[in-house]
K.L.:
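Below is the structure I would like to discuss, written out as structure tokens.
Hydrogens, waters and symmetry mates are skipped; everything else that's a heavy atom, side chains included, is used. Every number for a ligand or one of its atoms is a count from 1 in the order of the listing. In this text, all values refer to a predicted model and were calculated from it rather than measured experimentally.
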Amino acid sequence: MAASAITESDLKGSLPLVARGKVRDLYAVDDQTLLFVASDRISAYDVIMQNGIPNKGALLNLLSAHWFAVLTDAIPDLRTHLVSLAIPSSVPKHIHPQLQNRSMQVRRLQIFPIEAIVRGYITGSAWKEYQKSGTVHGIKVPEGLRESEEFPGGAIYTPSTKAEAGKNDENIHPDAAAAIVGEKYAKRIEELALKLYKTAKSYAKERGIIIADTKFEFGLDPATDEIVLVDEVLTPDSSRFWPAASYAIGQGQDSFDKQFLRDWLTNSGLKGKEGVSMPEEIAKQTAEKYQEAFERLVGHKWADALTGKS
Ligand code: ATP
Ligand code: MG
């Protein structure tokens with residue numbers, strides 16, 4: 001990866017800034033279109049690290065674009081927010097290097113204020129809850145599951161709230177999510193999230209990766225009342241990716257995602273603290289894990305994808 005990280009984009013007023021999320025900067029292209037810019041910021045436990053990971057934004061952006069293609073292919077009636085990977089013509093040329101590979105134009109939609117998490121395997125906060133209460137997001141699941149075990153009845157839909165900046169997302173029962181988005185959309189969101197997970201799971205499995213869990217976001221197209229897949233999709237920021245070859249039940253797994261960073265934060269007593277800088281070695285190893293996930297899932301060398309050779 002290149003030497004320096006872009007932790008904040010600056011389009012010099014060529015497009016109005018709409019919002020900065022934890023990772024993305026959103027600009028308005030027109031009334032209906034946003035420029036969705038993935039920075040090199042990385043967050044863990046809902047806190048943004050002080051330093052970034054060079055080209056991480058490009059990796060997330062290109063991987064999401066790949067998944068949009070894979071998923072649309074497999075599910076022809078799927079609607080996604082992706083409009084184009086082109087840089088809008090109103091952005092002057094000297095700013096393009098900031099956006100190259102890391103931006104996409106997307107349809108500007110009203111986002112349902114929940115995170116549609118799907119879990120195929122028990123780990124993370126779900127494993128913690130299960131050990132205490134035998135439930136996952138308040139859902140009763142079979143007794144006797146071991147850490148990292150696949151849910152025997154198939155993947156489960158375990159939504160969370162989508163907290164405002166500075167607050168933590170909270171795991172909730174699907175009934176609570178239905179109360180937030182309304183019954184009318186709740187079932188459709190759940191079904192679509194499960195279908196997307198299932199499709200992605202088998203695609204990734206063929207490439208040696210287990211998608212233990214992932215988080216989707218959805219928007220509503222008010223004109224057609226359709227539910228649209230938005231945000232980033234099936235990236236190492238939004239998912240837990242485990243190497244299938246070393247998968248073993250009853251323990252934590254190696255992973256191609258930010259678990260490595262999370263573990264470092266937890267072990268150094270920095271979990272949830274603001275203003276933390278990652279040591280170079282942690283940033284480097286996290287970058288390598290992200291690249292490994294990209295290369296397996298997309299099937300191209302990361303360096304080639306970045307230089308447009310593939
Ligand atoms: P937060 O938004 O709470 O800061 P985050 O870390 O998920 O959290 P980012 O990923 O940095 O945020 O930013 C992306 C933001 O853009 C999210 O709030 C997401 O809901 C929103 N978003 C994604 N797709 C669209 C879309 N098509 N139209 C409008 N907003 C979108
Ligand atoms: Mg996000």
K.L.:
With a 4.5 Å limit on heavy-atom distance, are the side chains of T33 and Y27 in contact?
P.N.:
no
K.L.:
As a test of understanding, state which of H173, K215, R119 forms a side-chain hydrogen bond (donor to acceptor under 3.5 Å, both in side chains) with T158.
P.N.:
R119
K.L.:
Are Q291 and L59 close enough that some pair of their side-chain heavy atoms sits under 4.5 Å apart?
P.N.:
yes
K.L.:
May I ask you to check if ligand 1 and K215 share an N or O to N or O distance below 3.5 Å?
P.N.:
no
K.L.:
Should one rank R20, R24, H81, Q110 by closest heavy-atom distance to atom 11 (O) of ligand 1, which comes out on top?
P.N.:
R24
K.L.:
With a cut-off of 4.0 Å, which atoms of ligand 1 are near a heavy atom of V23?
P.N.:
9 (P), 11 (O)
K.L.:
With a 4.0 Å heavy-atom cut-off (strictly under), which part of D231 contacts ligand 1: side chain, backbone, both or neither?
P.N.:
both
K.L.:
Nearest to atom 12 (O) of ligand 1, what protein heavy atom do you find, and at what distance?
P.N.:
K22 N, 3.6 Å
K.L.:
Compare all side-chain heavy atoms of Y121 with those of E149 and state whether any distance is below 4.5 angstrom.
P.N.:
no
K.L.:
Salt bridge between E183 and K187, side-chain N to carboxylate O under 4.0 Å?
P.N.:
no
K.L.:
Is there a side-chain contact between L82 and Q105, using heavy atoms and a 4.5 Å cut-off?
P.N.:
no
K.L.:
Can you list the ligand 1 atoms lying under 4.0 Å from a non-hydrogen atom of R107?
P.N.:
26 (C), 27 (N), 28 (N)
K.L.:
Are V276 and V47 packed together at the side-chain level, in the sense that at least one heavy-atom pair is separated by less than 4.5 angstrom?
P.N.:
no
K.L.:
Tell me the protein heavy atom at minimum distance from atom 2 (O) of ligand 1, and give that distance in Å.
P.N.:
K162 NZ, 3.8 Å
K.L.:
Please report which non-hydrogen protein atom sits nearest to atom 25 (C) of ligand 1, along with the residue it belongs to and the distance in Å to one decimal place.
P.N.:
I111 CD1, 3.5 Å
K.L.:
Show the atoms of ligand 1 that are less than 4.0 angstrom away from any heavy atom in L109.
P.N.:
28 (N), 29 (C)
K.L.:
Which bit of E232 is near ligand 1, meaning a heavy atom under 4.0 Å away: side chain, backbone, both or neither?
P.N.:
neither
K.L.:
Is the shortest distance from a heavy atom of A163 to ligand 1 less than 4.0 Å?
P.N.:
yes
K.L.:
For L34, take its heavy atoms, then give the atoms of ligand 1 lying under 4.0 Å from any of them.
P.N.:
28 (N), 29 (C)
K.L.:
Are any of the side-chain nitrogens in E191 or R188 under 4.0 Å away from the carboxylate oxygens of its partner?
P.N.:
no
K.L.:
Taking the basic N atoms (NZ, or NE/NH1/NH2) and the acidic carboxylate oxygens, is any pair closer than 4.0 Å for D213 and K201?
P.N.:
no
K.L.:
Counting from 1, what ligand 1 atoms have a heavy atom of E217 closer than 4.0 Å?
P.N.:
19 (C), 20 (O)
K.L.:
Which atom names give the shortest non-hydrogen contact between S84 and A86, and what distance separates them?
P.N.:
OG-N, 2.8 Å
K.L.:
Near L26, which atoms of ligand 1 are under 4.0 Å from a heavy atom of that residue?
P.N.:
16 (O)
K.L.:
Return yes or no for this condition: an N or O of E115 is under 3.5 Å from an N or O of ligand 1.
P.N.:
no
